[in-house]
Amino acid sequence: MKDIKSILQEQAVGSTLTVKGWVRTKRDTKNAIFLELNDGSCFGNLQCVFDVSNLSDQNKAALERLGTGASAAVTGTLVASPAAGQPVEVSAQSAEVIGEAPVDTYPLQKKAHSLEFLREIAHLRPRTNTFGAVARVRNQMSYAVHSFFQERGFNYVHTPIITASDCEGAGEMFQVTTLDMDAIAKAGKAVDYSKDFFGKPSFLSVSGQLNVETYCMALSKVYTFGPTFRAENSNTTRHLAEFWMIEPEFAFAELEDNMALAEDFLKYLLGWALDKCADDLDFFDKRIQKGLISMLDSVRNSKFVHMTYTDAIKQLEANKDTFEFKPYWGCDLQTEHERFLSETVVKGPLIVTDYPKEIKAFYMRLNEDGKTVRAMDVLVPRIGEIIGGSEREYRHDVLLNRIRELGLDEAAYWWYLDLRRFGTAPHSGFGLGFERLMRYVTGMENIRDVIPFPRAVKQAEF
RNA sequence: UCCCCUGUAGCUCAGCUGGCAGAGCAAGUGGCUGUUAACCACUGGGUCCGUGGUUCAAAUCCGCGCGGGGGAGCCA
């Protein structure tokens, strides 16, 4: 059985076929009944036309039960459509009800629904135009991520999801335990972690970076692409408690190589979407964000602007009256600063580098000035920070100093420091939040609408 | 965690300084038409989020609680 995507592509007029899918809409006229089926294989529906004057009782009964949302099988002949709107359609001989969707209880109607409402029925929302398109683009973007790195000789490394090391240091963590918390609470005793599964407190990983660096120091070019967990109490359109992150890491590479890789990567992904998801992007362009396609296309053909943090601060200070938070050298860039830089100053993507060491992670390579580190953030209009990365500190003594300066537990980093004791080498990498990429590519505003089952504060239904 | 907005029909919302609950869409019925966000007419459809208070009278005003949305911080 062919899917609707193939049928619409091949347009094999004259062929007999059976299509199975879900009814999107049904329209009655005196002489004909129009049934549009969608099977998710592509954005478009296949219109099936029934001749009323020539309808068996059985087919008539079936069509009466086929309302929006029902699943059906239709058999007929593919013909050129006499009316505008679709090149081909099925001249149908028979309809079969596979599963009904009673109209008085099925939540999706033949009308537009708000994204907020659809979020409450996350099990049914993939059947809408918007979420079907999001799902197909998400699939293509996953494929593109692997394609990009595989073409360049990067090895996909599976880093652990559970970690018992407390040195990841990137935000609040979810604790994992097999201890009986109810019993412990009832007994009023202190928790004895030596009795826990791993013999010590363990958590869901907030980043695969530290682990993937170990494979970077053996395979040279590696990347991770997996789920990441942050227990931060943040309630925004750009944060999730469970999200997917891509983290490439490559050896004998400095910040400039890192910037080039990040730029190539983003352009590759946007280009892939434009080439492989044209129908879905067309929908997003029309209904979700006007001008999306031309924006993506211009980014694909642009050159990312490079700017040091120090220069960025100068730009911001020259416009300081426009900000709620006054910029100064040493301050962390606020969302309003990042958006001003990308949306107003450069009007496109830019890479800001060489941040003060105080506002960046301990593992970033210290510059000669002793004040800044070889960090880079890729900032894009509307989204803000989409990529964060750096050249890593590969000098053992300098890294150890940083760990001590910051009062971190030196012993916990023993294996990370070992990488610098044995055959150390310059290396660099970055993290891309997959859902932030999805927001950028689809134009969808809320990050909860670009992941099938969003997990956020007080939100783990489905 | 902080700030702002919001909760009324299946969905999206209107309902003003308190005075009999409304529209569009969806649905049902009929009509019309190779229809395509179909069209036209009629019909049915309500715990006005919950709770306590003010009042002759609360969807409307006030307190508390719960849900939803947006912004900030944190970050990807």
Side-chain angles (χ1 to χ4, degrees), chain A residues 24-36 44-52 64 67-69 79-86 89 91 102-121 128-129 169-172 206-209 224-225 227-247 262 286-287 323-325 332-339 359-361 377-380 383-389 430-440 445-451 456-459 461:
Chain A
R24 279 297 173 81
T25 174
K26 180 173 65 173
R27 293 178 292 273
D28 292 12
T29 74
K30 189 192 255 176
N31 303 315
I33 295 172
F34 299 89
L35 194 69
E36 285 195 37
N45 303 330
L46 182 60
Q47 175 165 280
C48 304
V49 188
F50 295 82
D51 183 356
V52 172
E64 265 165 30
T68 301
V79 297
S81 178
Q86 58 284 316
E89 63 188 25
S91 174
V103 71
D104 53 332
T105 48
Y106 183 59
L108 290 174
Q109 302 167 357
K110 202 172 83 178
K111 70 186 282 295
H113 288 290
S114 69
L115 298 174
E116 291 80 10
F117 171 68
L118 294 174
R119 232 170 268 156
E120 291 167 15
I121 47 168
T128 63
N129 284 335
E172 297 296 311
V206 297
S207 164
Q209 184 201 316
T224 71
F225 183 7
T228 306
F229 307 89
R230 305 263 168 101
E232 262 130 27
N233 189 7
S234 55
N235 207 313
T236 75
T237 56
R238 55 189 188 280
H239 289 88
L240 289 167
E242 177 182 292
F243 63 99
W244 289 65
M245 187 155 62
I246 299 136
E247 295 173 292
K286 280 201 184 77
R287 298 294 178 88
F323 303 118
E324 189 186 340
F325 295 92
D332 213 342
L333 294 185
Q334 307 289 315
T335 299
E336 58 174 346
H337 299 151
E338 294 179 344
R339 292 189 61 168
I359 59 173
K360 287 292 178 185
D377 284 358
V378 180
L379 311 179
V380 298
I383 308 292
E385 181 184 342
I386 195 168
I387 283 179
F430 59 81
L432 169 75
F434 189 59
E435 285 74 21
R436 290 195 177 170
L437 170 77
M438 284 294 299
R439 284 180 70 216
Y440 194 46
E445 282 293 333
N446 196 313
I447 200 164
R448 295 169 198 206
D449 295 332
V450 296
I451 187 168
V457 183
K458 301 264 161 58
Q459 190 172 68
E461 188 81 29

Original post:
Quick one: is B:G71 close enough that its OP1 or OP2 comes under 4.0 Å of any side-chain N or O from A:Thr237?
Top reply: yes
Original post:
Has the side chain of A:Arg27 got a donor or acceptor atom sitting under 3.5 Å from an opposite partner on the base of B:C39?
Top reply: no
Subject >> Pairwise C1' distance for B:U8 and B:U12, with rounding to whole Å >> reply: 12 Å
Subject >> OP1 or OP2 of B:G69 under 4.0 Å from side-chain N/O of A:Arg119 >> reply: yes
Original post:
Do we see A:Phe243 stacking on the base of B:A76, given a limit of 5.5 Å between centres and 30° between planes?
Top reply: yes
**OP:** Using the P atoms only, state how far B:U6 lies from B:U17, rounded to an integer number of Å.
**Re:** 13 Å
**OP:** Report the base-pairing partner of B:C32 (Watson-Crick or G-U wobble, both distances below 3.5 angstrom), or none.
**Re:** none
Subject >> Interatomic distance, A:Asn233 CG vs B:C74 P [rounded to whole Å] >> reply: 14 Å
Subject >> Heavy-atom side-chain contact between A:Glu172 and A:Arg230 under 4.5 Å >> reply: no
Subject >> Atom-pair distance (CZ on A:Arg230; P on B:G73), nearest Å >> reply: 17 Å
Atom pairs under 3.5 Å: protein N/O with N/O of nucleotides 3-12 of chain B:
{"residue": "B:G10", "atom": "O2'", "partner": "A:Gln109", "partner atom": "NE2", "Å": "3.3"}
{"residue": "B:G10", "atom": "N2", "partner": "A:Gln109", "partner atom": "OE1", "Å": "2.8"}
{"residue": "B:G10", "atom": "N3", "partner": "A:Gln109", "partner atom": "NE2", "Å": "2.9"}
{"residue": "B:C11", "atom": "O2'", "partner": "A:Lys111", "partner atom": "NZ", "Å": "3.3"}
{"residue": "B:C11", "atom": "O2", "partner": "A:Lys111", "partner atom": "NZ", "Å": "3.1"}
{"residue": "B:U12", "atom": "OP1", "partner": "A:Ser114", "partner atom": "OG", "Å": "2.9"}

Original post:
Closer than 4.0 Å, any side-chain N/O of A:Thr335 to the OP1 or OP2 of B:G73?
Top reply: yes
Original post:
Where the side chain of A:Lys30 is defined as all heavy atoms beyond and including C-beta, which of B:A76, B:G34, B:U33 is the nearest nucleotide?
Top reply: B:U33
Original post:
Looking at A:Arg238, does any N or O in its side chain come under 4.0 Å of the phosphate oxygens OP1/OP2 on B:A72?
Top reply: yes
Original post:
When the C1' atoms of B:U51 and B:C13 are considered, how many whole Å apart are they?
Top reply: 26 Å
Original post:
Who passes side-chain hydrogen bond (donor to acceptor under 3.5 Å, both in side chains) against A:Lys26, sequence neighbours left out?
Top reply: none
Original post:
Between A:Lys458 and B:C66, is there a side-chain N or O to OP1/OP2 distance below 4.0 Å?
Top reply: no
Original post:
If we call it a pair only when both distances are under 3.5 Å in a Watson-Crick or G-U wobble match, what pairs with B:A37?
Top reply: none
Original post:
A:Thr236 side chain: which of B:G73, B:G34, B:C75 is closest?
Top reply: B:G73
Original post:
Rounded to the Å, how far apart are A:Gln86 CD and B:A37 P?
Top reply: 10 Å
**OP:** Using the C1' atoms only, state how far B:C4 lies from B:U47, rounded to an integer number of Å.
**Re:** 29 Å
Original post:
Taking for each residue the nucleotide of RNA chain B bearing the nearest heavy atom, is the 5' side occupied by A:Arg339 or by A:Asn31?
Top reply: A:Asn31
**OP:** Please tell me if the side chains of A:Lys360 and A:Asp377 come closer than 4.5 Å, counting only heavy atoms from C-beta onward.
**Re:** yes
**OP:** Find out whether A:Glu461 and A:Glu120 are in side-chain contact, i.e. whether some heavy atom of one side chain is under 4.5 Å from a heavy atom of the other.
**Re:** no
**OP:** Could you check whether A:Gln47 gets within reach of a base, just the sugar-phosphate, or nothing at all, counting any heavy atom under 4.0 Å?
**Re:** base
**OP:** Pick the C1' atom in B:C25 and in B:G52, then give their distance to the nearest Å.
**Re:** 37 Å
Original post:
What nucleotide, of B:C74, B:U35, B:A27, holds the atom closest to the side chain of A:Thr29?
Top reply: B:U35
Original post:
Excluding sequence neighbours, so at least two apart, what forms ring pair (Phe, Tyr, Trp, His ring centres under 6.0 Å) with A:Phe117?
Top reply: A:His113
Original post:
A:Phe34 has a side chain; which of B:A26, B:C75, B:G34 sits nearest to it?
Top reply: B:G34
Original post:
To the nearest Å, how far apart are A:Leu108 CG and B:A27 C1'?
Top reply: 15 Å
**OP:** Would you mind pulling out the nucleotide paired to B:U51, Watson-Crick or G-U wobble, both distances under 3.5 Å?
**Re:** B:G63
**OP:** Select base, sugar-phosphate, or nothing to describe what A:Ala32 touches, counting heavy atoms under 4.0 Å on all strands.
**Re:** nothing
Subject >> Complementary nucleotide of B:U1, counting Watson-Crick and G-U pairs under 3.5 Å >> reply: B:A72
**OP:** Using the test ring pair (Phe, Tyr, Trp, His ring centres under 6.0 Å), find all partners of A:Phe434 that sit at least two apart in sequence or belong to another chain.
**Re:** A:Phe225
Subject >> Approximate separation, where rounding is to 0.5 Å, of A:Phe34 CZ and A:Gln86 CD >> reply: 8.5 Å
Original post:
Considering residues at least two apart in sequence or located in another chain, which fulfil the side-chain hydrogen bond (donor to acceptor under 3.5 Å, both in side chains) criterion with A:Asp28?
Top reply: none
Original post:
What is the distance from CG of A:Asp28 to P of B:U33, rounded to the nearest Å?
Top reply: 14 Å
Original post:
For B:A57, what is the paired nucleotide under Watson-Crick or G-U wobble rules, both distances under 3.5 Å?
Top reply: none
Original post:
When rounded to the nearest Å, what value does the distance between C1' atoms of B:G73 and B:C2 take?
Top reply: 8 Å
Original post:
How long is the line joining CD1 of A:Ile383 and P of B:C75, in whole Å?
Top reply: 19 Å
Subject >> Distance, rounded to the nearest Å, where A:Phe325 contributes CZ and B:C2 contributes C1' >> reply: 11 Å
Subject >> G-U wobble or Watson-Crick pairing nucleotide for B:G46 (cut-off 3.5 Å, both distances) >> reply: none
Original post:
On a whole-Å scale, what distance lies between the C1' atoms belonging to B:G34 and B:A59?
Top reply: 47 Å
Original post:
In the strands shown, is B:U17 matched to any nucleotide by a Watson-Crick or G-U wobble pair with both distances under 3.5 Å, and which?
Top reply: none
Original post:
Under 4.0 Å between a side-chain N or O of A:Gln334 and OP1 or OP2 of B:G73?
Top reply: yes
Original post:
On a whole-Å scale, what distance lies between the P atoms belonging to B:G63 and B:G18?
Top reply: 16 Å
**OP:** Please find out if less than 6.0 Å separates the ring center of A:Phe325 from that of A:His337.
**Re:** no
Original post:
Just checking A:Ile386: base, sugar-phosphate only, or nothing, at a heavy-atom cut-off of under 4.0 Å?
Top reply: sugar-phosphate
Subject >> Heavy-atom closest contact (A:Phe323 atom, A:Glu336 atom, distance) >> reply: CA-OE1, 3.5 Å
Original post:
Quick one: A:His337 NE2 to B:G73 C1', roughly how many Å, whole number?
Top reply: 13 Å
Original post:
Does A:Glu445 get its side chain close enough to the base of B:G70, under 3.5 Å, for a donor-acceptor pair?
Top reply: no
Solution key, residues 234-241 of chain A side-chain donor-acceptor pairs under 3.5 Å, sequence neighbours excluded:
{"residue": "A:Asn235", "atom": "OD1", "partner": "A:Arg448", "partner atom": "NH2", "Å": "3.3"}
{"residue": "A:Thr236", "atom": "OG1", "partner": "A:Arg238", "partner atom": "N", "Å": "3.0"}
{"residue": "A:Thr236", "atom": "OG1", "partner": "A:His239", "partner atom": "N", "Å": "3.1"}
{"residue": "A:Thr236", "atom": "OG1", "partner": "A:His239", "partner atom": "ND1", "Å": "2.7"}

**OP:** Just compare B:G28, B:G69, B:U35 and give me whichever is closest to any side-chain atom of A:Val103.
**Re:** B:G28
Original post:
Considering heavy-atom distances to RNA chain B, does A:Lys360 or A:Asn446 have its closest nucleotide positioned more toward the 5' end?
Top reply: A:Asn446
